[in-house]
Amino acid sequence: MTGDNGRGDSQVNCGAKGSDAHKHKDKHKDREHRHKDHKKDKEREKIKHSNSEQKEHSEKKHRDKEKLRHGDGSSDKHREKHKDKDKEKRREDRIQSSHSDKPKKEKENGYVRETSPAAIKSEPEDDNSFYPSPKHNKTSKRECDDEEYEYKPKKVKVEHEKKAKKRKHEYEDDEEDENIKHKKKTKDKKTLEGKKAKKEEEEKWKWWEEERYTDGSKWRFLEHKGPVFAPPYEPMPDKVKFYYNGKPMKLSAPAEEVATFFAKMLDHEYTTKDIFRKNFFKDWRKEMTSEEKSKITDLNKCDFGEMNEYFKAQSEARKQMSKEEKQKIKEENERLLQEYGFCIMDNHKERIGNFRIEPPGLFRGRGDHPKMGMLKRRIRPEDIIINCSKDSKHPKPPPGTKWKEVRHDNKVTWLASWTENIQGSIKYIMLNPSSRIKGEKDWQKYETARRLKKCVDRIRAQYREDWKSKEMRIRQRAVALYFIDKLALRAGNEKEEGETADTVGCCSLRVEHIKLYPKLDEQEYVVEFDFLGKDSIRYYNKIPVEKRVFKNLQLFLENKQPEDDLFDRLNTSILNKHLQELMDGLTAKVFRTYNASITLQQQLKELSCSDDNIPAKILSYNRANRAVAILCNHQRAPPKTFEKSMQNLQTKIDEKQNQLSAARKQLKAAKADHKASHDEKSKKAVEVKRKAVQRIEEQLMKLQVQATDREENKQIALGTSKLNYLDPRISVAWCKKWGVPIEKIYNKTQREKFAWAIDMAEKDYEF
DNA sequence: GTTGTGACTTAGGACATTCCGG
DNA sequence: CCGGAATGTCCTAAGTCACAAC
């Protein structure tokens with residue numbers, strides 16, 4: 001077993017569900033169904049940018065295109081051929097024309113103020129002495145937006161003494177250390193609890209009320225314990241055999257470990273995929289002794305069956321563990337979290353996001369990944385670069401090992417990093433989203449989007465103008481930008497061919513990804529998009545565009561092969577440079593943030609109804625959220641049990657309905673009874689029945705709301721947009737305005753991440 | 001300009017835990 | 001209290017984008 005967090009093989013499971021062609025097919029069909037189901041969905045019509053209506057019409061037709069998701073890749077060589085051509089074209093392109101550039105603005109928002117050097121605090125050892133006790137410098141609420149920003153010379157983050165004390169309580173309560181727990185018990189628990197609830201809000205460190213660094217540094221002081229390594233490999237018991245060519249064979253530990261990775265995945269279809277097997281076998285052989293290497297020459301002759309059984313039995317055993325055993329594991333995890341899960345950054349104890357090193361296993365990228373099945377090797381201390389402040393207590397490498405390097409770079413936010421062997425990219429250990437460093441950035445992101453709001457009209461006017469440009473590159477840029485704005489497409493960086501799954505974004509769209517229909521059904525100038533985007537999620541949409549855009553697209557398509565770039569004179573760097581000139585800090589992805597947030601705000605305005613009850617309001621919120629998810633194409637695989645659970649729900653609704661009519665009859669009867677007798681007893685009976693009817697009505701209502709919500713949500717993932725695209729202040733304001741408790745919208749983790757927004761947004765907040 | 005690299009955000013799926021009606 | 005659904009957490013892949021180096 002590798003990572004004994006119970007998820008040791010997780011990277012390998014990732015995407016397993018969708019890994020083979022059939023499954024994908026199914027998945028897609030499923031999604032299509034869902035789209036069809038949505039047809040009636042009136043909510044959709046209201047969505048500003050959503051073109052889902054059209055989407056649905058054509059879905060049926062599109063079944064045969066299913067394979068697209070993990071397409072056959074047959075066009076690759078072809079594409080290569082055309083690369084040179086592209087370059088030529090680009091050269092031709094510089095025909096002329098001075099394009100009036102907007103003067104650059106000054107600075108990235110929020111990072112404009114003067115920095116003042118900060119005192120570095122290095123003391124705290126003990127979990128509860130993290131909060132020194134400087135004077136708190138209460139500043140007026142900070143505006144993140146540069147234009148509205150008040151610049152005040154500043155101290156470092158400091159915490160009010162009182163606050164610091166309170167914080168202690170908080171930690172006591174949440175993350176008790178044994179002896180603190182003890183102390184706590186001696187206190188009057190009730191008082192403490194009562195106070196705690198009240199304090200909770202006011203005592204959390206409000207970094208958003210403090211100044212930020214303006215010199216590009218991310219921190220002054222950083223201390224942590226280093227990462228937690230994956231548990232070492234535990235060899236198989238001898239009785240569990242591996243067979244080669246029908247004969248048992250004892251493997252060397254390294255070879256055996258890699259074999260177990262494969263054995264664990266035997267049930268997954270992708271172990272039958274050629275690329276997967278090829279990659280695995282190649283990497284596995286590298287781990288073998290020369291003797292093994294000479295013996296094991298054919299993966300098909302390998303039998304991992306017993307090993308597979310063994311792991312199944314193990315995971316079964318884990319499920320069957322007693323309460324105490326489970327508790328013990330939990331406690332151990334908690335201990336690890338306490339020890340390694342936090343760091344001290346600038347006087348504050350902050351939660352680390354991922355303090356565990358990724359365990360070794362077989363790589364399974366998403367979609368049709370050329371590297372699937374490769375061995376993701378075990379990370380050792382010698383691979384790790386530690387980042388912390390000079391004057392901190394440096395983390396110790398495990399006994400007998402060394403770090404690759406210890407550096408002190410406060411221009412970056414990571415605590416540790418290593419190079420991963422599949423793509424050769426760097427992986428990092430960073431802080432939790434609730435941390436100051438992530439929160440500030442997030443806040444800033446939404447401020448940039450709000451600045452875009454102020455000038456989006458101008459920018460739109462500009463790109464529309466550019467559709468007429470004499471220069472091809474400008475036209476392409478303008479059309480691409482139109483897509484990014486209207487359809488919330490991603491920028492679409494170039495990718496190295498053969499290194500990753502074949503997916504695209506706006507700038508990397510190819511001819512084969514769009515189809516033009518001068519006339520389709522009732523509509524003119526329809527463009528059909530069909531391509532795989534990030535994570536190999538299919539983007540399928542039919543959308544009418546303006547005539548000029550359409551004509552331009554026709555022009556771009558002239559004399560091109562399906563595998564040629566649609567925008568052959570454009571890439572993300574050109575586009576972003578242009579955007580930067582239009583607005584300081586503007587990049588392609590800001591449009592996604594902007595359009596997502598503005599859509600939410602609009603939808604909430606439209607859908608919310610003051611006499612709705614809370615569940616109905618939440619339904620409206622979810623619908624608004626859903627509009628955004630559709631815009632951003634955030635999909636999810638329909639839950640496996642969806643159909644069944646839907647049926648169950650329907651049965652419940654039917655039952656409830658029967659109950660209701662029965663209850664109504666009874667009420668009627670009781671009323672009649674009362675009319676006849678006019679006595680107290682019958683009057684009471686009427687009341688009782690009335691209440692019953694009311695209650696059942698409510699229950700029915702609730703069920704129906706639930707059914708609608710769930711149905712509408714079948715294949716749409718709301719979480720991604722909620723977490724990454726929607727300015728949380730919009731949601732907070734909405735909650736305040738309509739009296740919806742914030743807990744109904746954000747769970748605990750989300751509330752932690754958005755603490756800044758929850759604290760600062762009032763009901764009249766406007767994005 | 002092109003290419004490569006580094007840092008950081010965004011993403012969906014697997015798995016664990018909690019919730020809820022019977 | 002039990003089982004299934006819902007929700008929450010963890011995991012890590014896959015994007016974006018700036019910047020350095022040629």
Side-chain angles (χ1 to χ4, degrees), chain A residues 3 5-19 87 90-91 94 108 218 315 318-319 326 329-330 333 353-359 361 363-367 369 371-372 376 387 409 411-414 417 419-420 422-428 430-431 433 437-438 441-442 445 490-496 499-501 503-505 507-508 533-537 571-577 579-580 585 587-590 592-593 632-637 639-642 644-646 648-649 652 655 699 703 706 709-710 713 717 719-721 723-725 747-750:
Chain A
N5 46 18
R7 304 205 33 162
D9 51 350
S10 57
Q11 76 274 30
V12 132
N13 288 334
C14 223
K17 196 200 252 164
S19 59
K87 279 180 195 159
R90 265 176 206 142
R91 249 172 271 132
R94 297 162 210 134
E108 175 58 284
K218 306 294 170 67
S315 80
R318 215 174 354 198
K319 270 185 216 155
K326 282 184 180 167
I329 292 177
K330 220 176 158 183
N333 275 334
N354 56 327
F355 57 93
R356 288 170 205 273
I357 298 279
E358 297 172 17
F363 176 81
R364 205 321 176 172
R366 304 191 183 142
H369 199 116
K371 300 198 169 181
M372 65 170 82
K376 197 168 107 165
N387 193 33
D409 181 358
K411 298 280 187 278
V412 298
T413 67
W414 51 269
S417 73
T419 301
E420 156 266 355
I422 304 286
Q423 319 273 359
S425 65
I426 307 170
K427 301 254 183 164
Y428 303 93
M430 290 183 187
L431 297 194
I437 213 155
K438 294 287 185 191
K441 203 75 189 299
D442 206 37
K445 172 181 77 187
R490 295 188 184 83
N493 283 309
E494 281 140 294
K495 302 168 78 188
E496 226 178 309
E499 296 291 301
T500 60
T503 63
V504 298
C507 294
S508 50
K534 182 176 179 180
D535 292 325
S536 291
I537 294 293
N571 60 39
T572 53
S573 145
I574 295 172
L575 180 66
N576 280 334
K577 251 177 221 143
L579 292 175
Q580 181 59 42
T587 64
K589 84 186 184 76
V590 178
R592 252 167 101 79
T593 312
C632 295
N633 200 39
H634 290 143
Q635 299 190 25
R636 63 168 186 171
K640 271 185 196 136
T641 53
F642 188 85
K644 217 183 104 202
S645 76
M646 217 49 203
N648 290 347
L649 194 58
K652 273 189 201 165
E655 275 167 20
Q699 287 172 337
L703 283 175
Q706 197 188 353
D709 204 28
R710 202 198 296 177
N713 236 13
T720 307
S721 48
L723 227 51
N724 300 300
Y725 289 104
N747 67 33
K748 185 161 162 277
T749 316
Q750 294 168 156

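Bear in mind that the values here come from a model prediction, so they are computed numbers and not experimental data. Quick note on labels: first sequence line is chain A, next is B, and so on, each numbered from 1.
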(message) From C-beta outward on A:Met430, which listed nucleotide comes closest to its side chain: B:dA11, B:dT9, C:dT9?
(response) B:dT9
(request) Figure out the NZ/P separation between A:Lys319 and C:dC2, and round it to whole Å. (result) 17 Å
(request) Rounded to the nearest angstrom, tell me the gap between atom CD1 in A:Ile329 and atom P in C:dC10. (result) 16 Å
(message) Between A:Met430 and A:Lys438, is there a side-chain heavy-atom distance shorter than 4.5 Å?
(response) yes
(request) Go along nucleotides 15-22 of chain C 5' to 3' and tag each nucleotide: B for a protein heavy atom under 4.0 Å from its base, S when only backbone or sugar atoms are that close, - otherwise. (result) SBBS----
Under 3.5 Å, which N/O atoms of the protein pair with N/O atoms of nucleotides 3-6 of chain C?
from  : atom 1 : to       : atom 2 : distance (Å)
C:dA5 : OP1    : A:Asn648 : ND2    : 3.3
C:dA6 : OP1    : A:Arg710 : NE     : 2.4
C:dA6 : OP1    : A:Arg710 : NH1    : 3.1
C:dA6 : OP1    : A:Arg710 : NH2    : 2.0

(message) Is A:His369 close enough to C:dA14 that one of its side-chain N or O atoms is under 4.0 Å from OP1 or OP2 there?
(response) yes
(request) Name the residue closer to the 5' end of DNA chain C, choosing between A:Glu358 and A:Thr749 according to the nucleotide with the nearest heavy atom. (result) A:Thr749
(message) Assess, by modelled atom type and distance only, whether the side chains of A:Asn576 and A:Thr587 contain a donor and an acceptor separated by less than 3.5 Å.
(response) no
(message) If the condition is side chain to side chain donor-acceptor pair (under 3.5 Å), which residues does A:Glu420 pass it with, not counting sequence neighbours?
(response) A:Ser425
(message) Using whole Å, what does the distance between atom C1' of nucleotide C:dG8 and atom NZ of A:Lys330 come to?
(response) 13 Å
(request) Identify the heavy atoms of A:Leu575 and A:Cys507 that sit nearest to each other, and give their distance. (result) CD2-SG, 3.9 Å
(request) Please identify each residue that fulfils side chain to side chain contact (heavy atoms under 4.5 Å, CB included) with A:Thr500, with sequence neighbours left out. (result) A:His369, A:Gln423, A:Lys495
(request) State, to 0.1 Å, how close A:Ile422 and A:Lys371 come at their nearest heavy-atom pair, and which atoms those are. (result) O-NZ, 3.0 Å
(request) Could you tell me which residues satisfy side chain to side chain contact (heavy atoms under 4.5 Å, CB included) with A:Cys632, sequence neighbours excluded, listed by chain and number? (result) A:Arg592, A:Ala596, A:Val628, A:His634
(message) List the residues meeting side chain to side chain contact (heavy atoms under 4.5 Å, CB included) with A:Lys319, not counting sequence neighbours, and say none if there are none.
(response) A:Glu316
(message) In this structure, how many angstroms lie between the P atom of C:dA14 and the CD1 atom of A:Ile426, rounded?
(response) 17 Å
(request) Check every atom of C:dT12, B:dA11, B:dC8 against the side chain of A:Asn724 and return the nucleotide holding the closest atom. (result) B:dA11
